[in-house]
*Asks:* 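Quick one: structure below, then a few questions.
Naming convention: chains lettered A, B, ... in sequence-line order (proteins, then strands); numbering from 1 in each chain.
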Number of protein chains: 2
Amino acid sequence: MLKGHLDAIVLAALEGAPAHGYAIIETIKTRSAATFDLPEGTVYPALHRLEQAGLLESDWVTPPGGRRRRVYSLTKAGVGALAERRKSWGRFSQAVEAMLQGRRAWPA
Amino acid sequence: MLKGHLDAIVLAALEGAPAHGYAIIETIKTRSAATFDLPEGTVYPALHRLEQAGLLESDWVTPPGGRRRRVYSLTKAGVGALAERRKSWGRFSQAVEAMLQGRRAWPA
DNA sequence: TTCCATACCTAGCAATACTAGGTATTGGAT
DNA sequence: ATCCAATACCTAGTATTGCTAGGTATGGAA
């Protein structure tokens, strides 16, 4: 379970450069040191949701000698959303950390 | 949304000493610096789930001059589960951190 | 005596991510 | 030549989760 942070992860995976779904899955697996080995049934619907929400846009691309791929890239709104998600992750993880360590969190 | 980490948070809130539901909610709010201001409809069912799962046990207690409370404490299994949750949080947060920073996570 | 904080509870809903299926292409191994 | 693995896309349905929105009741302060 990715626990509501899937969107942030997918957006972050697209921050450097546009990519297609299958490559995004690989990137996530690599960067997370295999902690996140996401099934396609998780990622593809997420990409559709994010595009629907205007955070991503996609183009069908057929590379020479290859097969057609749907390449996603961040929209301006997507860049903003990623920044927001990063902040919200910071607050969230800090609070969980405090709980698990039995101390008070920094007052935000 | 607490994103699947509610159980860990509740267990951690009970680590120091037994407590009743309402107090647990307060503890979580305080320790998280109000980041987690959980509605009762979230916490009470979670306590029931955790008790059902054998991670908590409860007793009805009526303090002198007060009203009856249901006081929960960690079972042995609960202590173990909390340790497990802590480890799993560590892996999870490290992986998310790596994703959001665009670097590779430490190979676990 | 009225209201707020305390203290418990539940049914039903919405979101999320997963399972389990499906289609099709490319390239290497047999 | 054929088969299989990896690539590459998709969706319907399901389980879990946490929340909304309601309910009950007591104790103390205004």
*Asks:* Round to the nearest Å and state the distance from A:His5 atom NE2 to D:dT17 atom P.
*Replies:* 15 Å
*Asks:* Quick one: on DNA chain C, does B:Gly41 or B:Arg68 contact a more 5' nucleotide (nearest heavy atom)?
*Replies:*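 Nearest nucleotide further toward 5': that of B:Arg68.
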*Asks:* B:Phe92 vs A:Phe36 aromatic rings, parallel, tilted or perpendicular, using cut-offs 30° and 60°?
*Replies:*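 Rings of B:Phe92 and A:Phe36: perpendicular, as their planes differ by over 60°.
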*Asks:* Hydrophobic clusters here meaning ILVMFWY residues chained together by side-chain heavy-atom distances under 4.5 Å, can you tell me if A:Val10 and A:Tyr22 are in one?
*Replies:*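 Both belong to a single hydrophobic cluster.
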*Asks:* How close or far is atom C1' of C:dT16 from atom NZ of A:Lys3, stated in whole angstroms?
*Replies:* 13 Å
*Asks:* Quick one: B:Arg85 CZ to D:dT17 C1', roughly how many Å, whole number?
*Replies:*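 Taking CZ of B:Arg85 and C1' of D:dT17, I get 12 Å after rounding.
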*Asks:* Does some side-chain heavy atom of A:Leu55 sit less than 4.5 Å from a side-chain heavy atom of A:Asp7?
*Replies:* no
*Asks:* Starting at atom CG of B:Leu38, determine the distance to atom P of D:dC19, rounded to an integer number of angstrom.
*Replies:* 6 Å
*Asks:* Mind running a 4.0 Å heavy-atom check of residues 43-58 of chain A against DNA chain C and sending the residues that fall below it, in number order?
*Replies:*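 Of all residues in residues 43-58 of chain A, the ones placing a heavy atom under 4.0 Å from DNA chain C are A:Arg49.
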*Asks:* Let's see if you get this right: which residues in residues 16-32 of chain A place a heavy atom under 4.0 Å from DNA chain C?
*Replies:*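 Per residue number, the list is empty: none.
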*Asks:* Would you say B:Arg69 reaches C:dA7's phosphate, i.e. side-chain N/O to OP1/OP2 under 4.0 Å?
*Replies:* yes
*Asks:* So, B:Ser58 versus B:Arg70: side-chain donor-acceptor pair below 3.5 Å or not?
*Replies:*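 Judged by distance alone, the side chains do pair up.
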*Asks:* Taking 4.0 Å as the cut-off, does a side-chain nitrogen or oxygen of B:Arg70 come that near to OP1 or OP2 on C:dC9?
*Replies:* yes
*Asks:* Would you kindly compare A:Asp7 and A:Glu40 by the position of their nearest DNA chain C nucleotide and give the one closer to the 5′ end?
*Replies:*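 Per heavy-atom nearest nucleotide, the more 5' residue is A:Asp7.
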*Asks:* Determine whether B:Val79 and B:Leu6 fall in the same hydrophobic cluster, where Ile, Leu, Val, Met, Phe, Trp and Tyr are linked whenever their side-chain heavy atoms lie under 4.5 Å apart.
*Replies:*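 Linked, B:Val79 and B:Leu6 end up in one cluster.
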*Asks:* Where the side chain of B:Arg67 is concerned, which of D:dG27, C:dA17, D:dA8 is the nearest nucleotide?
*Replies:*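 Ranking D:dG27, C:dA17, D:dA8 by closest atom to the B:Arg67 side chain puts D:dG27 first.
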*Asks:* Quick one: are B:Leu11 and B:Leu56 in side-chain contact, heavy atoms under 4.5 Å?
*Replies:* yes
*Asks:* Rounded to the nearest 0.5 Å, what's the gap from OH on B:Tyr72 to CG on B:Leu14? Could you check?
*Replies:* 9.5 Å
*Asks:* For A:Ser32 and B:Ala95, indicate whether the former's side chain and the latter's backbone hold a donor-acceptor pair under 3.5 Å.
*Replies:* no
*Asks:* Heavy-atom distance under 4.5 Å between the side chains of A:Glu51 and A:Leu47, does that happen here?
*Replies:*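 With C-beta onward as the side chain, the pair stays apart.
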